[in-house]
Amino acid sequence: MGYNPKEIEKKWQKIWEDEGAFEPLEDQSRDKKYILSMFPYPSGRIHMGHVRNYAIGDALARYYRKRDYSVLHPIGWDAFGMPAENAAIKHKLHPGKWTYENIDYMRKELASLGFSFSKSREFATCDPLYTRWEQEFIIKMFEEGLLYRESTTVNWCEPCHTVLANEQVEEGCCWRCGTEVQHREMPGYYIDIVKYADELLDDLKLLEGKWPNRVLTMQRNWIGKSQGLEFSFELSEESRKKLGGKFESYQVFTTRPDTIYGVTYSALAAEHPIVKYLIEHQLLDPDTAEAISRIANSSERDRAQAEKEGYPLGIDVIHPLTGEKIPVWTANFVLASYGGGAVMAVPAHDERDFDFATQYGLPIKRVIEGGETLPYTGTGALIESGRFSCTESADAKEAIINIFEERGIGKGTTNYKLRNWGVSRQRYWGAPIPFVHCDDCGLVPEKVENLPITLPEDVEITGEGNPLESHPTWKQCLCPQCGKEARRETDTLDTFVQSSWYQFRYATDPKKWESEGIDREDANYWLPVDQYIGGIEHAILHLLYARFFTKVLRDMGLCDVDEPFERLLTQGMVLKDGAKMSKSKGNTVDPDALIAKYGADTARLFILFAAPPQKELEWNDSAVEGAFRFIKKLYGRAEKATHRELPAIEHSKLSAASKEARAKVYDALKKSTDVYESSFAFNTLIAACMEALNALDKQEDEAVWSEGVYIILNLLEPIIPHVASELSERLFGRANLSVTIPLLDEVFVQDSVTLAVTINGKKRTEITVSAEASKEEILAAAREAGSKWLEGVSLIKEIVVPGKLVNLVVKPA
RNA sequence: GCGGCAGUGGUGGAACGGUAGACACGCUACCUUGAGGGGGUAGUGCCCUACGGGUGUGGAGGUUCAAAUCCUCUCUGCCGCACCA
């Protein structure tokens, strides 16, 4: 009877659903595995990237279930966000309706692929029940001083009409729409992620060997820790006067205090208060003032690409150790947002300072020995550095920091590139930030019993402004503190807040979802996620935020977990014609169409066979046919298994071909543990199963066939579950799918072995010897077989690698 | 510039330091079929004077009895960060 994927896939998906086969066990004394693939955004339809992501996770979940673990393998929907609003504008449809309709459709698509997700733990992040707990966490963070509201310069995306976090700005442009971001001064809510910078950095060590190196590196770079000296430059007497007595000094930061005697100028960012003062009080000539203003108004991106540009400010500072006067400039390469927006410049030992000094004819003073030419940015012995001359850089750094600390004019300090996380979004389709503005009490968090603060339904999304702002009544509320009339906050939370704690929500027993956000005991049992699977594009954003949230939740007492994701697998993209599949390029392959034509098992088999999961996968229609062919072949050959259970086989009595077949079958079995538990090289396991089937086909022993099919179906069930279940039920009553099959050593024992004979490491010929042959016998055979290459040379060494080869080392006589 | 990853047939990709190219796709020939599709058998890195031999994992060195694999340098590609003091 022919292979009919449609029929058997429908049949098994129903059986699994009826059996509740994918729910984790209630018993927390059992060994557990938490397998998590990153949840999807409900954009409308699934794409091949989803198929790959969930095929990998599903294979692991199914494997561990078979190994008798209690397995949590959940799915949900990252459901807030911009596309829903854009769709609302376009189709005049409420974002919620659009979102939930998409979820319903995509849920069916995922089910049609046979993925073994827990049904009871599914949720969407836009569910009011999810929002409720998130709002409570946000309030707690506020109470603990981790969340604050502040007016600063923000990244503003005009098309998206919202503020963006630093992490969401890529090369100066919006990560979603690609428009260049503008800088605007406006109030917003911030989460103090920098407070956890050190732990986020240090704990990356715990993930070494378990997360891909490049993700660890990217996070390290992003946090960007640097240690050095922070001190203040005192303004000279005249300069203070010029500045109307408003300023006495300003702070600078350096990672190279050992070069401090080489300072020949100092530079301020164009936005620095002193520069602003000088401009406002017309203390600079008009052309210079205008040029500086132009720099201040240009984007960081433009400044990064611009030529070095700067102007002397006509003021100077006193060198803290030498007492010399140092001229102060403003320069376009000084960032306002880092290290106080001011630098000490050491042109001899810093490339930027050097370029600038050369350009403007400023003095260059070497204070570190080493390197042939300037600038020399390495370390070495100090020269012309007062009492520190002849000291090595490392010692000098320490000593100079000490001096500053003793004199109370500076201190050793640490700076981070990481900035606090701006979570305000001026959009409708997000979780409302649960605060109230009261004229008397100021910023007040909403009472917990009033949560969730939900979105108004009666809105018209136009893309102009924030619908919460323009809604006639939604904003109006009473102050939770004094009870007077007040205004509700109209900003909503960044959607990355939702994806930062969803792994804890899944872990919490759904029976407790009404009464708890995260159940501590459940979280401690299930977390960390044993294997997390997702795209590399989240290397910084989501993975950093989720790590941070985990630590915050831990410190709130909601769990005892330090890191959320024990192991991370970053899957490669799915390409077609060398490019990422995308609608705009028109190179997509629709999973639904693929399933309709070949069935879910073929889709899953192809996607796991075509490339190792970490690598990019190039789509290939004929290779899909190949996967389909293999399943059909397996389906047809399975009939040759006539025993209803794993047969006892007397190995020594088998034909050579049968022995070979058994060896291949057990090779695959042996390989499977490593593949499912560590390497995830599903492609090699599938290849091993193909080899085994090919070898079985070359022999006729029914017991060997039965054993082979029994094992192959067991090994492939996590990959092609429908076919494997169907055949297993028919042949073995599914008994082969719920057992751990022991490896039989006897299968690998061979009567004779074929060894390669190499001369000086080059393969020349082969010998076949009895398995018990002694080293002498093997060498004699090898010399005999290789006699042709041994003429006229002298044999100086002989090496036997058991079961592999014989190497004869010769040299000219 | 800094950091990470990767370079193996026509293609996707295999190879605990031990016979390079498993497995699959494609291709060629033959068989089966009325054709198409499907199935089967054999072959398929490159070169040569071809039942034999040479050569071969981006390139150059090195370690080793033995290197795709380890070390050094170098080239190329992809990705991330990027005037962070």
Side-chain angles (χ1 to χ4, degrees), chain A residues 170-171 212-222 224-226 228-230 252-256 259 266-267 269 300-301 303-308 331-335 337-346 349-353 355-356 377 415-419 536-537 539-540 570 572-573 605-606 609-612 614-627 629-630 632-633 636 667 674 681 683-694 754-766 788 796-810:
Chain A
E170 293 169 352
E171 294 181 22
N213 261 333
R214 66 167 166 161
V215 176
L216 297 176
T217 310
M218 281 162 79
Q219 292 219 350
R220 260 183 215 116
N221 291 344
W222 188 263
K225 180 177 180 170
S226 51
L229 169 69
E230 187 181 71
V252 294
F253 173 74
T254 175
T255 54
R256 293 297 303 273
T259 65
S266 170
E300 229 168 80
R301 181 178 165 76
R303 272 190 261 184
Q305 285 167 349
E307 292 286 295
K308 292 226 169 11
N332 64 344
F333 66 84
V334 181
L335 302 174
S337 54
Y338 185 85
V343 296
M344 68 173 212
V346 185
H349 305 293
D350 181 282
E351 274 177 43
R352 286 158 316 175
D353 297 349
D355 292 347
F356 191 81
T377 56
N415 257 312
Y416 302 92
K417 287 191 211 175
L418 181 71
R419 306 294 153 74
I536 186 74
E537 65 273 19
I540 298 174
T570 48
M573 286 191 299
L605 181 68
F606 166 74
F609 182 58
Q614 298 87 343
K615 282 193 78 166
E616 292 181 338
L617 183 154
E618 176 68 34
W619 194 262
N620 180 336
D621 287 325
S622 356
V624 175
E625 293 272 359
R629 216 175 294 156
F630 171 73
K632 279 192 294 187
K633 182 172 170 182
D667 276 341
D674 176 58
N683 53 331
T684 64
L685 177 62
I686 294 164
C689 289
M690 288 172 169
E691 279 188 76
L693 189 63
N694 291 344
T754 300
L755 302 177
V757 177
T758 62
I759 314 283
N760 289 350
K762 267 279 166 238
K763 185 188 171 190
R764 292 300 176 183
T765 184
E766 285 180 349
K788 182 174 162 186
I796 55 171
K797 200 166 183 179
E798 298 166 320
I799 287 159
V800 177
V801 183
K804 296 277 185 186
L805 55 72
V806 178
N807 190 22
L808 303 176
V809 185
V810 301

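For clarity, every value in this text was computed on a predicted model and none was experimentally measured.
- Using P as the reference atom, B:G21 and B:G9 are 14 Å apart when rounded to the nearest Å.
- A:K763 is linked by a salt bridge (Lys or Arg N to Asp or Glu O under 4.0 Å) to A:E766, counting only residues two or more places apart in sequence or in another chain.
- Look at the C1' atom in both B:G39 and B:A22: the space between them is 24 Å, to the nearest Å.
- For the pair A:T377 and A:E351, the tightest heavy-atom approach, listed with the atom from each and the gap, is CG2-N, 4.2 Å.
- In this structure, the separation between CG on A:D350 and CG on A:D355 is 9.0 Å, given to the nearest 0.5 Å.
- Closest heavy-atom contact between A:M344 and A:T254: CE-OG1, 3.5 Å.
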Please list each protein N or O that sits under 3.5 Å from an N or O in nucleotides 67-72 of chain B, with the distance.
none

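- Protein atom CD1 of A:I759 is 14 Å distant from nucleotide atom P of B:U55, rounded to whole Å.
- The two residues A:W222 and A:K417 make their nearest non-hydrogen contact at O-CB, 3.7 Å.
- Regarding the sugar-base torsion, B:G9 falls in the syn class, its angle being within 90° of 0.
- A straight line from CD of A:E618 to C1' of B:G13 spans 13 Å, rounded to a whole angstrom.
- The gap from the P atom of B:A14 to that of B:U63 amounts to 31 Å, rounded to the nearest Å.
- For the P atoms, the distance linking B:G52 with B:G4 amounts to 49 Å, nearest Å.
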Could you go through nucleotides 48-54 of chain B and list every protein N or O atom that sits under 3.5 Å from one of its N or O atoms, giving the distance for each pair?
residue: B:G52; atom: O3'; partner: A:K788; partner atom: NZ; Å: 3.4
residue: B:G53; atom: OP1; partner: A:K788; partner atom: NZ; Å: 2.4
residue: B:G54; atom: OP1; partner: A:R764; partner atom: NH1; Å: 2.9
residue: B:G54; atom: OP2; partner: A:R764; partner atom: NH1; Å: 3.0

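- Between B:G3 and B:A82, the two P atoms lie 16 Å apart (nearest whole Å).
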Can you give the donor-acceptor pairs under 3.5 Å from side chains of residues 212-219 of chain A to other protein atoms, not counting sequence neighbours?
residue: A:T217; atom: OG1; partner: A:N213; partner atom: O; Å: 2.8
residue: A:Q219; atom: OE1; partner: A:R547; partner atom: NH1; Å: 2.7
residue: A:Q219; atom: NE2; partner: A:A539; partner atom: O; Å: 2.9

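- One distance of note links OG1 of A:T765 with NZ of A:K788; it measures 8.5 Å at 0.5 Å rounding.
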Worksheet entry | Per-nucleotide protein contact string for nucleotides 14-25 of chain B, where B marks a base within reach and S marks sugar-phosphate only (heavy atoms under 4.0 Å, - for neither) | SS--BB--BBSS
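- Because its glycosidic torsion is more than 90° from 0, B:A29 is reported here as anti.
- B:U69 and B:C16 have their C1' atoms separated by 11 Å, given to the nearest Å.
- Cation-pi geometry between A:K308 and A:F356 is not met: the NZ or CZ atom fails to fall both under 6.0 Å from the ring centre and inside 45° of the normal.
- Comparing B:G18 with B:U64, their C1' atoms sit 12 Å apart, to the nearest whole Å.
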Practice prompt. Can you check each nucleotide of nucleotides 76-85 of chain B against protein heavy atoms at under 4.0 Å and return B for base, S for sugar-phosphate only, - for none, in 5' to 3' order?
Written response: ---SS--BBB
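- A:P802 approaches A:V800 most closely through the heavy-atom pair CD-O, 3.5 Å.
- What separates CG of A:N760 from P of B:U55 is a distance of 12 Å, to the nearest Å.
- The CD atom of A:E798 lies 6.0 Å from the CG atom of A:L808; values are rounded to the nearest 0.5 Å.
- Note: A:E625 CD to A:F606 CZ = 11.5 Å, rounded to the nearest 0.5 Å.
- Atom CG in A:L229 sits 10.0 Å away from atom OG1 in A:T255 (nearest 0.5 Å).
- Atom CG of A:N807 sits about 5.5 Å away from atom CD1 of A:I799, to the nearest 0.5 Å.
- When the P atom is used for both B:C27 and B:U11, the distance is 15 Å, rounded to whole Å.
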